[in-house]
Number of protein chains: 2
Amino acid sequence: MSQSPAAQTTERKRGSGVKFVYDVLRDEIIDLVLPPGSPIDEIQLAERLSMSRTPIREALVRLAGEGLVTTLPNRSTVVSNIDFLNLHTFFDALTLMYRVTTRLAAEYHTPEDLDIIRARQADFARAVEAQDALAMIATNREFHAEIANAGRNPYFAGLFYRLLDEGRRLLRLYYSSFDDRLPQRYVTEHEEIIAAIAARDVARADKLASEHADQIVRQIQNMISRDRRQRIEL
Amino acid sequence: MSQSPAAQTTERKRGSGVKFVYDVLRDEIIDLVLPPGSPIDEIQLAERLSMSRTPIREALVRLAGEGLVTTLPNRSTVVSNIDFLNLHTFFDALTLMYRVTTRLAAEYHTPEDLDIIRARQADFARAVEAQDALAMIATNREFHAEIANAGRNPYFAGLFYRLLDEGRRLLRLYYSSFDDRLPQRYVTEHEEIIAAIAARDVARADKLASEHADQIVRQIQNMISRDRRQRIEL
DNA sequence: GTCAAGATTCTTGTCGACAAATAAAATACA
DNA sequence: TGTATTTTATTTGTCGACAAGAATCTTGAC
């Protein structure tokens with residue numbers, strides 16, 4: 001197998017090595033190009049990205065810190081598995097962060113923040129209209145990430161980003177059975193959330209975010225149980 | 001300056017290098033042995049811990065992921081500064097995590113969890129009785145960390161640990177002006193929290209945790225403003 | 001004396017190599 | 001044939017070295 005020419009010829013600036021590896025791996029993990037449980041061979045990766053093992057390892061340490069990969073001591077590092085048994089902890093955290101970040105955005109946002117949030121919402125609406133499920137997943141993440149950003153709390157935002165990425169992984173996993181009737185509802189809910197933030201109505205923002213989160217959690221749970229049933233029927 | 005003999009003679013097991021460096025650095029940062037803003041020289045550190053730069057760097061990457069150090073590209077990495085201008089974001093996050101973890105502990109704890117929590121509380125009470133402020137700070141952290149552990153939500157626990165460590169840094173900074181009248185009150189509040197958790201009274205656990213958090217936040221704010229006044233009077 | 005350009009030193013980012021630890025294969029034995 | 005044990009091979013963790021940038025020092029012009 002020959003390497004892609006881009007990886008060979010493109011000269012990367014000094015210092016951008018780890019970030020490059022980190023970005024590549026992160027994307028591949030979140031997009032399930034590297035499915036949960038798949039081992040990551042440092043040497044192979046070093047050859048593929050045409051660089052030494054050192055920056056690869058540093059990127060892996062960073063990913064391990066974010067929980068995306070798990071390093072078995074003296075053994076291979078693997079893409080972290082999704083813990084289906086404790087999914088409720090994920091849902092709890094996701095729901096609370098939806099609420100908190102939206103509340104804070106209603107309180108602390110600037111006019112410029114609103115512009116960006118509206119732009120993200122437009123992206124999302126476009127993806128829904130195009131019935132592009134993959135784009136929906138990605139743009140939906142950006143929409144909520146931007147709201148968290150407007151909330152100006154890096155602690156909450158940091159956890160929320162991590163949860164949103166984990167959610168992307170989950171959604172990709174059940175992408176095949178993605179129900180495309182619901183998203184239109186999401187568009188409307190997003191619009192309401194934007195209105196509440198713009199009006200600085202904290203209580204309403206909280207309530208809408210909470211309902212929105214419940215909606216998403218329910219959809220994921222439906223996907224999972226539907227998938228279970230299908231597997232049993234096989 | 002000669003190195004400590006322990007670092008020289010002690011043979012460390014293979015694979016424990018990064019963890020060792022990480023633990024040493026983390027402790028020194030949290031205990032303000034390395035004050036905020038101080039640069040971290042990789043070579044110097046490598047000599048002090050008598051190992052190569054590679055494990056040092058990997059430990060630094062991990063610490064950077066947790067926000068304890070900041071790496072300037074192509075420049076030295078420094079111990080992260082405390083952002084006094086945005087302390088309210090820290091207080092917001094800390095308060096919410098106090099509440100959430102205590103709630104979840106009330107809901108999901110096992111009898112063994114309670115034993116450990118009570119043991120931590122005993123440690124804290126002993127530190128208060130001994131008027132050992134440094135021990136108070138440390139044992140208080142362990143007490144709440146154990147409650148978070150009993151809550152069984154790694155997402156919340158992870159953020160909470162980080163916030164508790166950051167809080168330790170803050171408290172150390174104002175350690176000199178530590179008011180030793182308040183801690184007795186903390187002991188009582190801790191007891192009440194344990195009782196609420198044991199009774200699985202979620203609402204009461206939430207309320208107590210919220211008040212406890214407010215108490216701590218207020219104390220830190222008092223320390224800071226007192227410190228400000230003193231500096232001005234100089 | 002002050003400032004700018006060039007040279008030098010120092011630190012970081014990356015590399016290739018080696019040794020310990022583990023996994024896989026081969027051999028011996030029942 | 002199946003299992004235990006040794007041998008081989010692969011992979012990780014660590015090391016020393018080198019080159020690119022940044023910081024510092026030196027020199028020179030005004």
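Below, chains carry the letters A, B, ... as their sequence lines are ordered, and counting in each starts from 1.
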task = Could you check how far CD of Glu47(A) sits from P of dG16(C), rounded to whole Å?
result = 11 Å

query = Any Lys/Arg nitrogen of Arg26(B) or Asp23(B) sitting under 4.0 Å from an Asp/Glu carboxylate oxygen of the other?
reply = no

query = What integer distance in Å separates Asn74(A):CG from dT10(D):P?
reply = 18 Å

Sort me out a list of protein N/O and nucleotides 23-25 of chain D N/O pairs below 3.5 Å, or just none if empty.
from, atom 1, to, atom 2, distance (Å)
dA23(D), OP1, Arg75(B), NE, 3.2
dA23(D), OP1, Arg75(B), NH1, 3.2

Residue whose nearest DNA chain C nucleotide is more 5′ - Asp41(B) or Pro55(A) = Asp41(B)

message = For a quick check of understanding: with a heavy-atom distance under 4.0 Å over all strands, which category does Ile56(B) fall into, base, sugar-phosphate or nothing?
response = nothing

query = For the residue pair His190(B) and Phe124(B), does the interplanar ring angle fall in the parallel (under 30°), tilted (30 to 60°) or perpendicular (over 60°) class?
reply = tilted

message = Could you tell me how far apart Ile43(B) (CD1) and dC18(D) (C1') are, to the nearest whole angstrom?
response = 13 Å

ask   = Which pairs pass salt bridge (charged side-chain N to carboxylate O under 4.0 Å, His left out) with one or both residues in residues 133-144 of chain A, sequence neighbours excluded?
value = Arg141(A)-Asp165(A)

message = How many whole angstroms separate atom CD of Gln44(A) from atom C1' of dT12(D)?
response = 15 Å

query = Could you state the CD-P distance from Glu42(B) to dG16(D), rounded to the nearest angstrom?
reply = 15 Å

query = Taking atom P of dA19(C) as reference, at what distance in whole Å does atom CE of Met51(B) sit?
reply = 18 Å

Distance-only donor-acceptor check, side chains Asn149(A) and Glu146(A), under 3.5 Å = yes

ask   = Are Arg62(B) and Tyr22(B) in a cation-pi setup, meaning NZ or CZ lies under 6.0 angstrom from the ring centre and within 45 degrees of the ring axis?
value = yes

note = Glu58(A) atom CD is separated from dT12(D) atom C1', nearest whole Å, by 16 Å

query = Could Arg169(B) and Glu28(B) be called an ion pair, given the rule that one side-chain N must be under 4.0 Å from one carboxylate O?
reply = no

ask   = Quick one: on DNA chain D, does Ser76(A) or Arg53(B) contact a more 5' nucleotide (nearest heavy atom)?
value = Ser76(A)

